[in-house]
Amino acid sequence: MSGIYIHIPFCKQACHYCNFHFSTSLRLKEKVVKAIILELQLQRDYLSQPPQTIYFGGGTPSILHINDLRNIFAAIHSNYDMQHVEEITIEVNPNDLNKSVLTEYRDLGFNRLSIGIQSFRDADLQFLNRAHSGEEALQCIHLSREVGFSNISIDLIYGIPNVTDIDWERNILHTIETEIPHISCYCLTVEEKTALKYMIETKKVPNVSEDQGAEQFALLMKTMQKHGYAHYEISNFCRPPYFSKHNTAYWQGKEYLGIGPAAHSFDGRVRQWNIANNLRYVHGIENKEIPCEKEFLTPTQQVNEYIMTSLRTMWGTDLQKIATLSGESGKENVMEKAQKFIHNETLIMENNTLFLSHHGRMIADYITLELFAE
Ligand code: SF4
C-alpha cells in the first residue's frame with residue numbers, strides 16, 4: 001500500500017493559530033501548479049507500489065481553480081498506475097464551495113472531502129480568524145451530500161480560550177446531528193510565529209489552558225463513544241467503515257510520496273521533505289531537481305517512528321514489528337519500558353500488541369516518549 005500527498009501552499013487568509021506552510025499571496029499560484037505537475041513526473045519512480053490513496057492537503061486545495069486540479073489529475077493519471085486507487089481526498093474550506101464546484105470535484109474523481117470547519121460557533125471562528133461562518137459550514141455539508149459525497153470528514157478544534165465545556169459539547173453534538181461519518185479533532189496549540197502567540201504575549205487574548213484542553217478531550221471521547229464513533233486514532237473518530245485510508249496507511253508506516261512545497265515523503269527508511277518556500281521550490285523543480293532534505297533513519301529511529309505513529313491508533317503497536325526492525329533485544333527493551341504503564345493500566349497488552357487504554361489516551365505523548373528506544 002502506498003499514497004500520494006499533494007501540498008497546495010495557498011490560503012485566502014491566515015488563521016491565527018496556523019504555522020503550516022502557506023502563502024496568502026496567489027502571485028506564484030500558476031508557477032507552483034506547473035511545478036507540482038512537473039514534480040509528479042520527476043518522482044514517478046519513488047513509490048515501490050502503485051498508490052491506493054491520493055490526498056490533496058494544504059494550505060487550502062479548494063483555493064485552486066478546477067482547471068488547475070484537472071491538470072494535476074491529468075499528470076497523476078499519466079505518471080502513476082491508478083488501478084488500485086481507492087480514496088482521493090481534497091481538503092476544502094466551506095466558503096470556497098458551491099454546488100457546481102462540488103460537482104466538478106466529484107466528476108474529477110474525488111470521493112472524499114475533508115472540510116476545515118473547526119467550529120460551528122461564529123465567535124470561535126472569528127477568534128481563530130477563519131474565513132467562513134457556522135452557517136456556511138452547515139451549508140457546505142448539505143451541498144456536499146446533495147451532489148453525492150458520503151465520505152465526508154470535518155475538523156474541529158477544542159481548548160479555545162473562553163469556550164466552556166458546555167459550548168464544546170454543543171459543538172460536538174451539532175456535528176453528530178449532521179451524521180458526519182468522520183471527525184478529526186485537535187487541541188488548540190500555540191505555535192511559534194503565529195498571530196495567536198503574539199496576541200497571547202501582548203495580552204490581547206487569554207492563554208490556552210492545558211487543563212481545559214484535557215477536560216474537553218475527555219468530554220469528546222465520552223460523547224463520541226456514546227454515539228457509536230470508533231476512536232481509531234488519538235485525534236480521529238469515525239463511523240466504520242469511514243476510516244481515512246490515506247492517514248491510516250501513514251500511521252501504519254506505509255510508504256508515501258509528498259509533492260509540492262514542504263511536502264514530506266517516506267519510503268520506510270528515508271524521510272525527505274521539500275523546501276518550505278514556494279519560489280525556491282519552483283526554481284528547483286524547473287531545474288529538474290527535487291529541492292529537499294533527507295534523513296536516513298537508523299533502526300532505532302525506525303522503531304521510534306513506528307511507536308510514535310502506531311501507538312496512537314486503535315490497532316496499537318505490534319511488538320513483532322519492533323523485533324523485525326531492531327531485533328529481539330529491541331523488543332525486550334520496549335516491553336521493559338511498557339511494564340509500568342501496563343501496571344497503572346494506561347497501556348494494555350494483548351496478542352503481542354500494545355494499546356493505549358482510555359486513560360492512556362489522555363497522556364499519549366508522555367507514554368510514547370517513555371517507550372522510545374535510545
Ligand atoms: S488552518 Fe488551514 S486554512 Fe487556515 S491558514 Fe492554516 S492551512 Fe490555511
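Hydrogens, waters and symmetry mates play no part in the numbers below; they use all other heavy atoms, side chains included. Every number for a ligand or one of its atoms is a count from 1 in the order of the listing. A quick note: this is a predicted structure, and the numbers were derived from the prediction, not measured.
Evaluation of the side chain to side chain contact (heavy atoms under 4.5 Å, CB included) rule for Ile363 yields Thr346, Tyr366, Ile367 as partners, not counting sequence neighbours.
Residue contact check: Asn93 has heavy atoms under 4.0 Å from atoms 3 (S) of ligand 1.
The closest side-chain donor-acceptor pair between Asp365 and Thr368, if any, does not fall under 3.5 angstrom.
Pairs engaging residues 273-282 under the side-chain hydrogen bond (donor to acceptor under 3.5 Å, both in side chains) rule: His21-Asn278, Glu39-Asn274, Glu39-Tyr281 [sequence neighbours left out].
Inside a sphere of radius 2.8 Å centred on atom 6 (Fe) of ligand 1, the protein N/O/S atoms present are Cys18 SG.
Ring geometry, Tyr256 versus Tyr250: the interplanar angle exceeds 60°, so the pair is classed perpendicular (tilted spans 30 to 60°). Using a 30° and 60° split on the angle between ring planes, Trp168 and Tyr158 fall in the tilted class, from 30° to 60°.
Neither the backbone nor the side chain of Lys12 has any atom closer than 4.0 Å to an atom of ligand 1 (non-hydrogen atoms only).
Remark: of the listed residues Asn171, Thr164, Asp165, Asp167, Asp165 is the sole one forming a side chain to side chain donor-acceptor pair (under 3.5 Å) with Gln216.
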Show the atom names and distances, to 0.1 Å, of all donor-acceptor pairs under 3.5 Å that link a side chain in residues 236-244 to residues at least two apart or in another chain.
| unit_1 | atom_1 | unit_2 | atom_2 | d |
| --- | --- | --- | --- | --- |
| Asn236 | OD1 | Ser184 | OG | 2.5 |
| Asn236 | ND2 | Glu233 | OE1 | 2.9 |
| Arg239 | NE | His227 | O | 3.4 |
| Arg239 | NH1 | Glu179 | OE1 | 3.2 |
| Arg239 | NH2 | His227 | O | 2.8 |
| Ser244 | OG | Asn247 | N | 3.1 |

